[in-house]
Amino acid sequence: MDNMEKTYDPQFEKRIYDLWLKNKCFEAHVDPDKEPFTVMMPPPNITGQLHMGHALDLTVQDVLVRFKRMCGYEALWVPGTDHASIATEVKIVEKMREEGLTKEQVGRDGFMQRAWQWKAEYGGRIVEQMKGLGISCDWSREAFTMDENCSNAVLDAFVRYYKKGLIYRGDRIINWCPHCHTALSDAEVEYEEQQSNLWYYKYPVVGEDDAIVIATTRPETMLGDTAVAVNPKDAKMSKYIGKQVRLPLTDRVIPVVGDEYCEIGFGTGAVKITPAHDPNDFELGLRHNLPVIQCIGEDGLMNDNAGKYKGMDRLAARKAIVEDLKALGLLVKIEPYAHNVGTCYRCGETVEALVSKQWFVKMKPLAQPAIEAVRSKRTEFIPKRFEKVYFNWMENIRDWCISRQLWWGHRIPAYYCDKCGEMVVSKTKADVCPKCGGAMRQDEDVLDTWFSSALWPFSTLGYPKRTKSLAYFYPTSVLVTAYDIIFFWVARMMFSGIEFMGDVPFSEVLIHGIVRDAQGRKMSKSLGNGIDPLAIIDKYGADALRFSLASGIAPGSDTRFSEAKIESSRNFVNKLWNASRFVIMNIGKDDDLTLPTRFNGADKWILTRLNDTIRQVTVNLNKYELGLAAAKLYDFVWSEFCDWYIEMSKTLLYSGDKKQHDHAIAMLVYVLGEILKLLHPFMPFITEEIYSKFAPKGQLIMLAAWPSYNKHRVYRKEEAQFEGLREIISSIRNLRNEMNVAPSKRVNLHVIAPDARFIQAVTPYIQKLAGVGEVELISDKSEVQGRVSALVAAGAEIFIPLGELVDLDKERERISQEIAQTQGVIAKTTALLANTAFTQKAPEKLVENERTKLAQAQDKLEKLKDKLASLD
RNA sequence: GGAGGCAUGGCUCAGUUGGUUAGAGCACACGGUUCACAUCCGUGAGGUCACAGGUUCGAGUCCUGUUGCCUCCACCA
């Protein structure tokens, strides 16, 4: 047998991964005889490197994919990366700035060159990092949102939407990031609370000695005001409707309109209306046919309409305007006010609402079937509560602004004729205007990065080509992702899949939480509390990281990550390593490793526990309860297999009897093999490595069949007996500890047991595991002489002559304590059984259990009392 | 303003459709060079399951309310 190092060292991970690649283990093919299990990897952005959130997401997916593959599914996991239009462009611009360059200087082509270079570098690095995690995705299908296939899908989708009238271009109020210099969708705006003021000032009424006081958080937008609104039902204010007010600092006169948007009792009862810079005002402006006057430009500076404030920054202008209003005696008061300000989700800059010509997707017709699909359970969220979040968003959705004033992305396939104004939307390049024959130029803008992500479940399978893969693997089985991109991504994949494929993109959406630090804080660059998964892999190995991430997670819940946690996982991996090392080093050259046909008691016990574990873990994994599955495996492997079964097997292994040795080693190899298979989805590398040490040459564990529950190898009687044995051995250990018996000292036992044959059979175990010398079976305590310590466990009375070591007072106290405890049980059980309501209503089996429990406790009490008395 | 989540020993979490005296791991205390493992082994201490009611023979588990922490959505100037 191969040598195994004494301490687990994950250096073999790379070699194992190459072995899988060489054998094309990850590749999935259309196979009508098998049921597909398809997962699309949420493509990481190529902006940087993998973080702990990716590691979690990938681990969960790989556990499921490996599990399903072993269960006999044709498991396809498509990997890829996302071009992340705005995020990447921001990074590239940053990098260029360090070199003293701007986008304009390098030009569109030069910029694209740099971007593709960036993609090659960072995209490639991410792929290497994913491989380091050991994930089993089909690299032959690796996709990128801007590769040829995905780009074709984008073109196809855009044109089809357009032809259906679901994409339109128009002047609408949109979110504008002055820093990134692009429009943003509603989803890309994050709100944060900021401490600001509410400024009150007067708009003089034309022709009267009166003025309307308005309150605003944004005085600088007053230069774009085109009305003041009051509520027509407001008794105090409605009189102003139809009048005009003079807009201070300008020469304009604007109307007072009545609109219920203005809430009675809030502020002053009048609100200034700036259609160009506020979505609500924009809507109100449409209702009242108000002109739209933009006073803040796309650069965030005041523009031509701002008169003397032109060229000032928004905030500077605010200050100046307030000063000027004050000088005019129009400022009434300033109140501190906390409100939410929209910021760009990429750069954090305060976004401006402004009116701009952009492309939009009409959402209502698309949202409806997407809502219906979840209502009818064609797609289910796990946990279910996230469906509410989904519905809430879909039901209140507004049109999706998809054009971005960026360069890195899919360029919008719209072409304009400058001569006659004709526009053509086409998958192929339009050079000549079909109307006037003039030259056409393509739209300068690119699409929202999420437009291509939305097509991911089918663009990666060849769409718009109707490939065999698409027919076989779509719809996918489960989408695994964190809750923070339900809107950005999950929702959009839903309506896109329904629209273009005629079916939902996935049957289930498994939502997991985010990885937090040890104190429960979000990991972030600014806090500097992030833990780099690659550093963890270097130090502890990918298996330890994976197991650590899978432990203690539950669908939808956040998880905490700490160095202490990974250490405990590493220790578990080490434990598995050493248990395996023990088994393997005990395999003799000519040992027969076939599973014995007859099992001894210990075998039956471990087989029962193994089968229970198989059943539970399988159920857990099918329900996506990875945390529970991991916990059960940890417990079974460490506390049952290692602590008890291996220890017990040593009596046979070292008995000197070849037959006994062979029996023991064959059993150990069998159980270990099953354990390795069960653990493989969680820790693929070490299980493959260990498996290779004893499995038939060339056989890979990742392609092995998942263990199945075998009811013929479940032995409840032996299971109970061995639980009793464990109790006996623990009790003896406990007593030795309390009596300060030296660990090396062997003690002799006298045992009165209800099942003497069983005690006889397990005597070697008792001797080995409890440091026991002779075990003498007796029928009456009178046979015991001298000072003894005694205990009652699993129905047996055990007497331990300890000679001088017995401290009578201590012994008395110990037994008294046990008596008290037993009396507690008796009291409770008696009360329960005396309650007729209980005996009548509770299930018969439960009542019976209580009766047995009472009888056993009473028996034990009697024996204990006896012991106590005998000490005097 | 709306929606949701969490609350169990010092820390991280289990606790299946309500049913033994609520379990692990880490940390802690004590003892261990027994030939797989000190990244280990054995033993132990530590919890009125946030609070108050209710349903039930029986509640950590179900219902109502309260408090505390967290998240998402909305964004009325």
Side-chain angles (χ1 to χ4, degrees), chain A residues 4 6-8 191 198 214-218 221 229 261-263 266-268 270-274 278-281 337 339-342 383 385-386 388-389 392-393 396 483-484 486-487 513-514 518 520 540 544 551-554 556-560 562 564-565 567-586 616 619-620 623 625 627-628 631-632 634-635 638-639 642-643 646-647 650 654 730 733-738 740-744 768-771 821-822 824-825 827-829 832 835-843 845-846 849-850 853:
Chain A
M4 286 176 75
K6 185 172 171 182
T7 301
Y8 157 71
Y191 290 87
L198 204 50
I214 58 92
T216 181
T217 54
R218 306 202 55 197
T221 63
Y261 159 66
C262 181
E263 192 184 310
F266 186 91
T268 61
V271 56
K272 64 191 268 312
I273 301 299
T274 324
D278 183 281
N280 291 306
D281 291 9
Y337 190 72
H339 69 143
N340 286 331
V341 175
R385 66 186 136 93
F386 288 102
K388 215 165 179 176
V389 180
N392 183 48
W393 191 75
N396 298 299
Y483 51 71
D484 53 355
I486 293 178
F487 306 135
I514 58 172
Y540 300 97
S551 296
I553 57 164
S557 305
D558 290 348
T559 173
R560 295 187 190 203
S562 64
K565 213 166 180 175
E567 272 179 25
S568 127
S569 296
R570 187 269 319 269
N571 294 351
F572 178 54
V573 177
N574 182 62
K575 184 75 183 175
L576 176 69
W577 178 263
N578 275 292
S580 306
R581 190 164 78 97
F582 171 78
V583 172
I584 286 161
M585 68 198 257
N586 277 292
Q616 287 173 344
V619 166
N620 287 146
K623 285 159 77 178
E625 297 163 338
L628 296 183
K632 265 160 199 161
Y634 182 99
D635 202 47
W638 203 315
S639 313
C642 292
D643 288 351
I646 286 185
E647 291 308 320
K650 287 176 180 172
Y654 301 143
S730 293
R733 285 168 173 174
N734 176 352
L735 184 132
R736 290 178 60 120
N737 247 288
E738 290 198 4
N740 289 321
V741 178
S744 54
K768 170 146 186 64
L769 300 180
Q821 199 197 14
T822 311
V825 175
K828 198 179 163 175
T829 322
L832 202 55
N835 185 345
T836 49
F838 171 75
T839 48
Q840 278 164 19
K841 292 186 185 177
K845 200 178 155 197
L846 208 71
N849 279 351
E850 291 299 318
K853 198 167 84 188

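Proteins come first, then strands; the chains are lettered A, B, ... in the order of their sequence lines, and each starts at number 1.
The separation of U67(B) from C30(B), taken at their P atoms, amounts to 45 Å, rounded to a whole angstrom. For the P atoms, the distance from C69(B) to U55(B) is 32 Å, rounded to whole Å. On the C1' atoms, C62(B) is 32 Å away from A74(B), given to the nearest whole Å. When the P atom is used for both C51(B) and C26(B), the distance is 28 Å, rounded to whole Å. When the C1' atom is used for both C13(B) and C49(B), the distance is 13 Å, rounded to whole Å. Spacing of P atoms, G46(B) relative to C41(B), comes out at 24 Å, to the nearest Å. Comparing the same atom, P, in U17(B) and in U71(B) gives a spacing of 29 Å after rounding to whole Å. Of the C1' atoms belonging to G32(B) and G18(B), the separation is 44 Å, rounded to the nearest Å.
As judged by a 4.0 angstrom heavy-atom cut-off over every strand, Y540(A) is placed among residues making no nucleic acid contact. Using a 4.0 Å heavy-atom criterion, one finds that F487(A) contacts the sugar-phosphate atoms exclusively. Using a 4.0 Å heavy-atom cutoff across all strands shown, K272(A) reaches no nucleic acid atom at all. As judged by a 4.0 angstrom heavy-atom cut-off over every strand, Q821(A) is placed among the base-contacting residues. Base contact: N340(A) has a heavy atom under 4.0 Å from a base atom. Counting any heavy atom pair closer than 4.0 Å across all strands shown, P279(A) reaches no nucleic acid atom. Nucleic acid contact class of S568(A) (heavy atoms, under 4.0 Å, all strands): sugar-phosphate only. No contact: A631(A) has no heavy atom under 4.0 Å from any strand. Within the 4.0 angstrom heavy-atom criterion, no nucleotide atom of any strand lies near D635(A).
F487(A) has its side chain within reach of V389(A): a pair of non-hydrogen atoms, C-beta onward, lies under 4.5 Å apart. Proximity of M585(A) to M4(A): side-chain heavy atoms (C-beta onward) are nowhere separated by under 4.5 Å. Using a 4.5 Å heavy-atom cutoff, the side chains of F266(A) and V271(A) are not in contact. Side-chain atoms of L769(A) and R733(A), non-hydrogen and from C-beta on, do get closer than 4.5 Å to each other. In this structure, the side chains of Y337(A) and T217(A) come closer than 4.5 Å at one or more pairs of heavy atoms.
Separating the CG atom of N734(A) from the P atom of A29(B) is a distance of 20 Å, rounded to the nearest angstrom. With rounding to whole Å, I486(A) atom CD1 is found 12 Å from U71(B) atom C1'. Following rounding to the nearest Å, N578(A) (CG) and U34(B) (C1') show an atom-to-atom distance of 16 Å. Going from atom CZ of R736(A) over to atom C1' of G42(B) covers 10 Å, rounded to whole Å. K623(A) places its NZ atom 13 Å from the C1' atom of G15(B), with the value rounded to the nearest Å. Between the CG atom of N737(A) and the P atom of A29(B) there is a distance of 16 Å, rounded to whole Å. The nearest whole Å value for the distance from the CZ atom in F572(A) to the P atom in C41(B) is 12 Å. To the nearest angstrom, C1' of C75(B) lies 13 Å from CG of N396(A).
At least one test fails for K575(A) against the ring of Y8(A): distance under 6.0 Å to the centre or angle within 45° of the axis.
In the set C41(B), G19(B), G5(B), the nucleotide with an atom closest to the side chain of P843(A) is G19(B). For L846(A), the listed nucleotide lying nearest its side chain is G19(B); candidates were G19(B), A77(B), A36(B). Proximity note for R560(A) (side chain, C-beta onward) versus C13(B), G19(B), U39(B): the nearest is C13(B). When distances run from any side-chain atom of L628(A) to the nucleotides C37(B), A14(B), A77(B), the shortest one goes to A14(B). Closest contact between the side chain of N571(A) and the listed nucleotides U39(B), C75(B), A77(B) involves U39(B). Here the nucleotide nearest the side chain of N574(A), chosen from A77(B), C73(B), U39(B), is U39(B). Checking C40(B), U39(B), U43(B) against the side-chain heavy atoms of S730(A) singles out U43(B) as nearest. Nearest nucleotide to the side chain of I646(A), out of G4(B), C37(B), A36(B): A36(B). Side chain of K388(A), nearest nucleotide from G4(B), A77(B), A36(B): G4(B). Residue Y191(A) places its side chain closer to C75(B) than to any other of C75(B), U39(B), G42(B).
Checking the phosphate oxygens (OP1, OP2) of C41(B), a side-chain nitrogen or oxygen of W638(A) falls inside 4.0 Å. Between K6(A) and the phosphate of A38(B), there is a side-chain N or O to OP1/OP2 separation shorter than 4.0 Å. The side chain of Y483(A) places no N or O atom within less than 4.0 Å of a non-bridging phosphate oxygen (OP1 or OP2) of C73(B). Close to A77(B), at under 4.0 Å from its OP1 or OP2, lies a side-chain N or O of Y337(A).
Residue K575(A) places a side-chain atom within donor-acceptor reach of the base of C37(B), judged by atom type and a 3.5 Å distance cut-off alone. Counting atom types as modelled, E647(A) pairs a side-chain N or O with a base atom of A36(B) as donor and acceptor under 3.5 Å. Put simply, the side chain of R570(A) and the base of U39(B) share a donor and an acceptor less than 3.5 Å apart. The base of A36(B) sits with one of its N or O atoms less than 3.5 Å from a complementary donor or acceptor on the side chain of K650(A).
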(request) Would you please test N574(A) and L576(A) for side-chain contact (heavy atoms from CB on, under 4.5 Å) and show each step? (result) CA-CA 5 Å; N574(A) 182 62; L576(A) 176 69; over 6 Å; no
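Partner assigned to A59(B) is none, using Watson-Crick or G-U wobble distances below 3.5 angstrom. Base pairing annotation: A27(B) forms no Watson-Crick or G-U wobble pair, as no partner gives both donor-acceptor distances under 3.5 Å.
Annotation: of the two residues near RNA chain B, C642(A) and N620(A), the 5′-most nearest-nucleotide partner is N620(A). A residue-by-residue look at D558(A) and A842(A) shows that D558(A) has its nearest nucleotide of RNA chain B further toward the 5' end.
Between Y483(A) and F386(A), the ring-plane angle classifies as parallel under the 30° and 60° cut-offs. Using bins of under 30°, 30° to 60° and over 60° for the plane-to-plane angle, the ring pair Y634(A)/F572(A) lands in the tilted bin.
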